[in-house]
Structures are given as C-alpha cells and as structure tokens.
Amino acid sequence: MEQERIAKRIARAGVASRREAERLIGERRVSVNGKVIDSPALNVSEKDVILVNGKPLAAPEPVRMWRYHKPAGLVTTTSDEKGRATIFDRLPAELPRVLNVGRLDLNSEGLLLLTNDGDLKRKLELPATGWVRKYRVRAKGMPKDEDLEPLRRGVTVDGQAFRPMSVEIDRQQGANFWLTIGLKEGKNREIRRALETVGFSVSRLIRISYGPFQLGDLARGAVEEIRPKILRDQLGIKRDPTDSGPSKPAQKPRVKRVVRRDAKH
C-alpha cells in the first residue's frame, strides 16, 4: 500500500499546510493508531488511523485548481505585516483552503492559479515545467524595438540575473506604450526592474496566461474552477483511480465559474 509522510497526509486532508501540520505534530496534537507522535519523520498509509486534535482525519481531498483574476491593490500572502488586504481576504467564502501558485505583486493584476495541493503548487512554480507566463505591460515612453533587445538577451539587475524574455511592442498610446512579455520564471518584480534598466517605467502589469491557462474574459475578482478533465489532460492528474489518463490531445480549458457578487469589470 502506498505510503506518504504524515505531514503531507494531513495537508492533503485539507486540515493544514505541511508546515502547520509539522507544528501540530511538534505540539503532540497528532496521534497515529492510538499513539501520540512528536516527529514528522513517519510514513503512513490509508490503513492508519490518524487523529488531529482528537478528531479523525478526513479522507484526502481530490486535487483541485482554480483560475483567479487578482485585482491590483492586494498582496499575495495569507497575512500582511503592514495590514494590507490580501487575496485571501477577498476570495469567495465557499472555497476550501487554497494555495497560490506563484505570486503577483501588490500593483500587478491578472491570472493567478490556486490549488488545494501543495505538491502541485511547488511543481507548477518550477521553471523546469517549461511553462511560459505572459503579461500585458503598459509603460511610459516611445521605444524603438532595439531599445528592448537587452531584455531578449537577458539582463542583470543589482547582481541578479534575469533569463531572456520574449518582448513584443503592441502599440503606442499617447505617452505610453503596450508590450506583451513572456518569461519562464517570475522573480520579484522582474518585469518592472528589467524595463527600468533600459529606461522605461511600468504603470500597469497584467498577467494574461500561465502555461496553458488563460485569463480570458474572467471578471476582476472572479474565480473559476478548472474541470477535472482539464487537469487530467494538461497535468496528468487523475481524481478517479480508475481513470486511465488522457485519451486525446488537450483542448482549450473549460471551467466552472464562481463569481464574487461585488466583482467589478
């Protein structure tokens, strides 16, 4: 029978994150088969009886994912030391405990993927997935195409190397211009800092896609669950043990929508 670490098992049941589960174990609030444990260095299987705070652990939740249109002005953390509003303050109450895949900074907006599975979160954040994140970017100035060539080759900012980006000028709009930028990893304020090195200041940044998942016409503040078939086709995730996997090439994701009542377009 397949085994896994006790903290991972608790996290998959939706009780707490792995780190929180390890804390619960350290506080001797977890028992396995009637014995209180104090170390997360334990593998368990489905046959083991696990109690957290004296309550039986529920069956593992199936892997789920959502698309979320993050508005500007929210931080992508569970709490903020400065008291600023977070995305978790604004998500629909009916959502289970979710984790964000990657981040968008305070003033950035657009597509943010959410999942209830920590392993999937970590996997999708790795550059090794090869997934391109695309952004629509508005900046001040009137550039020539060659002005942006350093970004295509890769630049170093304050000793931090940024990988080459795909950069296309879309249109000039008065004193501003719009770009489409693609990259395979997202370091802290990477696009803003990279553009500043070639003399341009970003005034708006919208993530429009993350790998095969698109922002599309998802309203600002709205959430849509990605259907299990799409998770199977795009990620190989099987929610049903009898599912044999993809039967045909992946198609454009179709999603189930959950919209906040106060969402603004």
Side-chain angles (χ1 to χ4, degrees), residues 67-77 80-82 84-87 90 99-114 121-221 252-253 264-265:
R67 298 187 308 146
Y68 169 54
H69 187 156
K70 175 196 175 295
L74 300 179
V75 294
T76 314
T77 55
D80 182 66
E81 68 280 0
K82 297 180 180 179
R84 296 171 296 187
T86 77
I87 62 168
R90 303 294 175 84
L99 307 167
N100 49 287
V101 177
R103 294 190 177 189
L104 287 173
D105 65 40
L106 176 69
N107 296 316
S108 297
E109 56 193 291
L111 179 64
L112 190 65
L113 297 179
L114 306 172
K121 164 187 163 66
R122 286 184 285 275
K123 176 182 177 181
L124 298 186
E125 289 175 342
L126 293 174
T129 62
W131 279 7
V132 175
R133 292 87 147 156
K134 286 191 176 181
Y135 301 79
R136 287 270 289 152
V137 183
R138 185 180 68 194
K140 297 178 181 179
M142 302 181 68
K144 297 179 181 178
D145 191 67
E146 54 266 30
D147 295 332
L148 304 172
E149 189 58 31
L151 306 187
R152 301 183 180 111
R153 297 195 301 266
V155 296
T156 299
V157 182
D158 298 329
Q160 187 173 34
F162 294 155
R163 293 185 178 185
M165 309 174 182
S166 64
V167 183
E168 297 179 7
I169 300 176
D170 295 326
R171 62 191 173 97
Q172 189 73 39
Q173 187 179 42
N176 299 303
F177 65 101
W178 283 92
L179 298 167
T180 297
I181 293 181
L183 45 82
K184 291 187 177 180
E185 64 177 332
K187 297 178 180 177
N188 185 36
R189 297 175 59 83
E190 180 171 351
I191 292 175
R192 297 177 189 275
R193 294 163 64 197
L195 276 168
E196 286 174 0
T197 66
V198 293
F200 302 105
S201 175
V202 172
S203 57
R204 192 175 182 189
L205 191 149
I206 310 164
R207 183 191 280 160
I208 57 174
S209 68
Y210 195 110
F213 302 102
Q214 308 290 319
L215 178 64
D217 61 357
L218 187 63
R220 187 178 296 114
K252 183 178 179 181
K264 298 180 179 179
H265 292 266

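Values reported hereafter were calculated over all heavy atoms of this structure, with side chains retained and with hydrogens, waters and symmetry mates removed.
With no hydrogens or angles considered, a side-chain donor-acceptor pair links Q160 and R193 at under 3.5 Å. Looking at R189 and S108, their side chains never bring a donor and an acceptor atom within 3.5 Å of each other.
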*Give the C-alpha distance, both sets of side-chain angles, the deciding distance and a yes or no for side-chain contact (heavy atoms from CB on, under 4.5 Å) between L179 and I191.*
CA-CA 11 Å; L179 298 167; I191 292 175; over 6 Å; no
*asked:* Applying side-chain contact (heavy atoms from CB on, under 4.5 Å) to F162 and V157, what does each step give before you reach the verdict?
replied: CA-CA 8 Å; F162 294 155; V157 182; 3.6 Å; yes
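R152 places a side-chain N or O within donor-acceptor distance of the main-chain N or O of V167, the cut-off being under 3.5 Å. Judged by distance alone, the side chain of K70 and the main-chain N or O of R207 form no donor-acceptor pair under 3.5 Å. Counting only distance, with no hydrogens or angles, the side chain of E196 and the backbone of F200 share no donor-acceptor pair below 3.5 Å. Of the possible polar contacts, one joining the E125 side chain to the G102 backbone as a donor-acceptor pair under 3.5 Å is found. Of the possible polar contacts, one joining the H69 side chain to the L218 backbone as a donor-acceptor pair under 3.5 Å is found. Listed for the S166 side chain is a donor-acceptor partner under 3.5 Å among the backbone atoms of G182. Counting only distance, with no hydrogens or angles, the side chain of Y210 and the backbone of L124 share a donor-acceptor pair below 3.5 Å.
Nearest heavy-atom pair across L104 and T76 is O-OG1, 2.7 Å. Of all the heavy atoms in N107 and A72, the pair that sits closest is O-CB, 3.8 Å. Annotation for A194 and V155: closest pair CB-CG2, 4.1 Å, computed over non-hydrogen atoms. Summarising the geometry of K184 relative to G130, their closest heavy-atom pair is CE-O, 3.8 Å, with the distance given to 0.1 Å. Nearest approach of D105 to R192, heavy atoms of both residues: OD2-NE, 3.3 Å. The heavy-atom pair separating F177 from K140 by the smallest distance is CE2-O, 3.6 Å.
For R103, the CZ atom is loosely surrounded, since the number of other residues' heavy atoms within 6.0 Å does not exceed 12. More than 12 non-hydrogen atoms from other residues, nucleotides or ligands lie less than 6.0 angstrom from CZ of R84. The number of heavy-atom neighbours closer than 6.0 Å to NZ of K187, taken from other residues, nucleotides and ligands shown, is above 12.
Between the CE atom of M165 and the NZ atom of K134 there is a distance of 14.5 Å, given to the nearest 0.5 Å. Once rounded to the nearest 0.5 Å, the distance linking CD1 of I169 with CG of D145 reads 5.0 Å. To the nearest 0.5 angstrom, Y68 atom OH is 13.0 Å from L113 atom CG.
Contact check on R204 versus E109 returns a salt bridge, with a Lys/Arg side-chain nitrogen under 4.0 Å from an Asp/Glu carboxylate oxygen.
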